[in-house]
Amino acid sequence: MSTQGEPASRKVARELRLKIENGSLPPGSQLPSERTIASQYEIARTTATEAIRLLEQEGLVVRMHGKGNFVRSEKPLIRLGGDRYSKKFRGGPTPFRRECEKAGLTPRIEVLAVDRAQPPEDIAALLRVDSGSKSTLRRSNHYFANDEPLQVVTTYIPWVIAEGTALTQRKQVGKDGIYGRLEERGHLMMTISEEVTSRMPDVIEKELLQIPAGTPVLEVLHTSFDQDKVPFEATRFVLRGDRNGLLYQLSVD
């Protein structure tokens, strides 16, 4: 395909893209500075900046404020396993802490909000509660690994189940996390349903997760069912698409 008349920024972006694709610039490596690129290709620095922006829009490059521009890493930082709720892990770290430890990372969780809330219509339908009243407890948490923001997680529990428990308090809820407290209320997780979608982040998500331009999020909508097949908890996970992965192993009937 002819490149005659192609803007200089696109020519430079194309050459850098080839270096990324052939491994000359491997995942995680730092690109030359924009000043260096401008000198190497004999272009204006603003043109070099535009070339980097084009690669960023393609999801190939990540800008890290104060550090430089880097080739996007291929491997996710955290991989959510299909067995993360297994009873074999009861009594140990919560799922996110366990996943961080497995990856050699230091987890941190910030509680963003705990309140009695009117649920979104999709959550209300899943939990079989009223969408027009404050029928749920809402807990929103911000998850970090090595101080890098990775997930925003919002859990909804029917208020009739959560009322009077430690779940209503703005703090970590103790051993086995929320599921330990829900078991104490007589709701054992026996079955789960998870719907996974990919989309672009909204403004708040982009800010909270410090999402690079052109990077989508994974949204996982999780529902827990108890021993009586009653839905007792629904959680919306919003995950940075470049730093999280999903792994499911399912039986085939």
Mind checking whether [X] and [Y] sit in one hydrophobic cluster, side chains of I, L, V, M, F, W, Y counted as touching below 4.5 Å?
X    : Y    : result
F237 : F225 : no
I109 : F144 : no
V196 : F96  : yes
M189 : V160 : yes
I211 : L150 : no

Is the closest side-chain heavy-atom distance between [X] and [Y] below 4.5 Å?
X    : Y    : value
T168 : W159 : yes
V238 : R199 : yes
R10  : L54  : yes
V152 : E205 : no
L246 : V220 : yes
L137 : T165 : no

Is the backbone N or O of [Y] less than 3.5 Å from a side-chain atom of [X], with the two atoms forming a donor-acceptor pair by type?
X    : Y    : value
Q30  : N69  : no
N146 : E148 : no
R138 : R116 : no
R170 : L112 : yes
H142 : L208 : yes
D228 : V230 : no
D202 : I204 : yes

Counting only heavy atoms from other residues, nucleotides and ligands, does the tally under 6.0 Å from [atom1] of [X] exceed 12?
X    : atom1 : result
R17  : CZ    : yes
E110 : CD    : yes
E195 : CD    : no

Q) Among pairs that include at least one residue of residues 121-131, which meet salt bridge (Lys or Arg N to Asp or Glu O under 4.0 Å), considering only residues two or more places apart or in two chains? A)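 Of all non-adjacent pairs touching residues 121-131, those that pass salt bridge (Lys or Arg N to Asp or Glu O under 4.0 Å) are D122-R236.
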(Q) Show me the pairs that pass salt bridge (Lys or Arg N to Asp or Glu O under 4.0 Å) and involve residues 21-37, at least two apart or across chains. (A)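 Non-adjacent pairs meeting salt bridge (Lys or Arg N to Asp or Glu O under 4.0 Å): E34-R63.
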Q) Other than L221, what residues sit in its cluster of Ile, Leu, Val, Met, Phe, Trp and Tyr side chains whose heavy atoms are under 4.5 Å apart, directly or through others? A)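 Result for L221 is I123, L126, L127, V129, Y156.
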Q: Among Ile, Leu, Val, Met, Phe, Trp and Tyr joined by side-chain contacts under 4.5 Å, find the other residues sharing a cluster with V12 and list them by chain and number.
A: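 Joined to V12, directly or through intermediates: L16, I20, L25, L31, I37, Y41, I43, I52, L55, L60, V61, V71.
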Q.
Once side-chain contact (heavy atoms from CB on, under 4.5 Å) is applied, do any residues pair with Q227, and if so which ones, sequence neighbours excluded?
A.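 With sequence neighbours excluded, Q227 shows a side-chain contact (heavy atoms from CB on, under 4.5 Å) to L188, M190, given in chain and number order.
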From [X] atom [atom1] to [Y] atom [atom2], the distance as rounded to the nearest 0.5 Å:
X    : Y    : atom1 : atom2 : result
L218 : R243 : CG    : CZ    : 13.5 Å
R45  : S33  : CZ    : OG    : 7.0 Å
E56  : E50  : CD    : CD    : 10.5 Å

Decide whether [X] and [Y] meet the rule of one side-chain donor and one side-chain acceptor closer than 3.5 Å.
X    : Y    : result
E233 : S224 : yes
S39  : T36  : no
S193 : T223 : no

(Q) Between E101 and R98, does any NZ, NE, NH1 or NH2 come within less than 4.0 Å of an OD or OE carboxylate oxygen? (A)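 E101 and R98: not salt-bridged.
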Q: Would you mind listing every ring pair (Phe, Tyr, Trp, His ring centres under 6.0 Å) that reaches into residues 181-200, with sequence neighbours excluded?
A: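 Ring pair (Phe, Tyr, Trp, His ring centres under 6.0 Å) check on residues 181-200 returns H187-F232.
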